[in-house]
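Fair warning: this is a prediction, and the values are worked out from it, not measured in the lab. The chain is numbered in sequence order, starting from 1. Counting starts at 1 for both ligands and their atoms, following the listed order.
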Amino acid sequence: MSEIHDVIIVGSGPAGYTAAIYTARAGFKPLVIAGAITAGGALMNTTEVENFPGFPEGVMGPDLMVKMQEQAEKFGATVMFEDVVSVELEGDVKTVTTEDETFSARTVILATGSQHRVLGLPGEETYGGRGVSYCATCDGFFFRDKPIVVVGGGDSAMEEANFLARFGSKVTVVHRRDQLRASKVMADRALANPKIEFAFNSAVVDMGGETSLETVTLRDTVTGEEKVIEANGLFVAIGHDPRVELVRDQLELRDNGYIKVAEPGTHTNLTGVFACGDVVDFTYRQAITAAASGCRAALDAQHYLESLND
Ligand code: NAP
């Protein structure tokens, strides 16, 4: 643990890698602890990204993340595919510990992103890996010519439904209200897809099946009426929560659980600790806004490091 790094970046989505590109180009040789399974962040589970500027033909999410990683490494970032198990963020020198090693740094940039929400039904455990999934890109292929349910009314649910319609015999989007939250373009695309049906004012309340998922029980959120529909796949796409478990006891969080930063900056309540991307942003949550906040975190860290020499 002898070396003190200038910058350690925890997380490797668009925010983390953009912070790495900027701090590397500023000569700080950042260490990116990218995560073991979650490396690359949410875009690793996305298909085509159509709204990231510079890619008029679209770009596959995983390809975009590999390019960001390569760009960071090209300028001198070191990327480690390990999970951080603990951090100590107080004081002038912070520590970041993985399963195997403890690293120290003058600044830490937190870009740990968010994780998918669960419905909280027992069936999610019972049929986990046997029908229930949180990632259409990962598991959609298993439901070729089978009926599929997608829960949620946001852009994620529309994206999942459109993707799954390529495989399933039909896709039923189950949404608890009568209006979608999704952006117009995403909603219109799903509404126009002949293989997608909508069950509005509906909630999944139960699941059934011998060894794998066969049925889903829907309850009308207005009348309380219940009905059972056939479904071999159930994709939960109801949003995300910030990944703050490492820092919950050390950093000031907002009431909604996201890390509090001194907007428009990325400074947390602890000196030398910056946060960016979906662990901060509960409003925009786009790859491009995450990348932009990673840039701001890098510049904030750079200014802080330069101030140490004044
Ligand atoms: P979201 O916008 O927060 O939508 C979550 C949806 O799930 C809402 O419709 C919500 O219902 C529903 N929901 C939440 N908790 C639920 C529960 N316990 N049971 C049943 N339904 C529940 O989340 P998101 O769709 O993941 O999108 C997050 C952000 O990422 C957005 O800014 C979105 O634009 C962005 N995104 C963009 C793209 C793209 O542009 N390609 C793709 C995916 C996501 P209510 O509407 O009733 O609250």
Name each N or O atom in ligand 1 that is under 3.5 Å from a protein N or O, and give the partner atom and the distance.
from     : atom 1 : to   : atom 2 : distance (Å)
ligand 1 : 9 (O)  : G153 : N      : 3.0
ligand 1 : 9 (O)  : G154 : N      : 3.4
ligand 1 : 11 (O) : R176 : NE     : 3.2
ligand 1 : 25 (O) : D155 : N      : 3.2
ligand 1 : 25 (O) : S156 : N      : 2.9
ligand 1 : 25 (O) : S156 : OG     : 3.3
ligand 1 : 26 (O) : S156 : OG     : 2.6
ligand 1 : 32 (O) : Y284 : O      : 3.3
ligand 1 : 32 (O) : Q286 : NE2    : 3.4
ligand 1 : 34 (O) : D155 : OD2    : 2.6
ligand 1 : 34 (O) : Q286 : NE2    : 3.3
ligand 1 : 40 (O) : N51  : ND2    : 3.2
ligand 1 : 41 (N) : E159 : OE2    : 3.3
ligand 1 : 46 (O) : R177 : NE     : 3.3
ligand 1 : 46 (O) : R177 : NH2    : 2.8
ligand 1 : 46 (O) : R181 : NE     : 2.9
ligand 1 : 46 (O) : R181 : NH2    : 3.4
ligand 1 : 47 (O) : R176 : NE     : 3.0
ligand 1 : 47 (O) : R177 : NE     : 2.7
ligand 1 : 48 (O) : R176 : NH2    : 3.1
ligand 1 : 48 (O) : R181 : NE     : 3.3
ligand 1 : 48 (O) : R181 : NH2    : 2.7

Residues passing the salt bridge (Lys or Arg N to Asp or Glu O under 4.0 Å) test with D188, sequence neighbours excluded, are K184
Between V205 and L121 the two heavy atoms that sit nearest each other are O-CD2, 3.8 Å
Using 30° and 60° as the class boundaries, would you call the ring planes of H116 and Y134 parallel, tilted or perpendicular? parallel
With sequence neighbours left out, the residues meeting salt bridge (Lys or Arg N to Asp or Glu O under 4.0 Å) with D6 are R106
Salt bridge (Lys or Arg N to Asp or Glu O under 4.0 Å) filter on R243, not counting sequence neighbours, yields E245
task = Classify the angle between the aromatic ring planes of F52 and F55 as parallel (below 30°), tilted (30 to 60°) or perpendicular (above 60°).
result = tilted
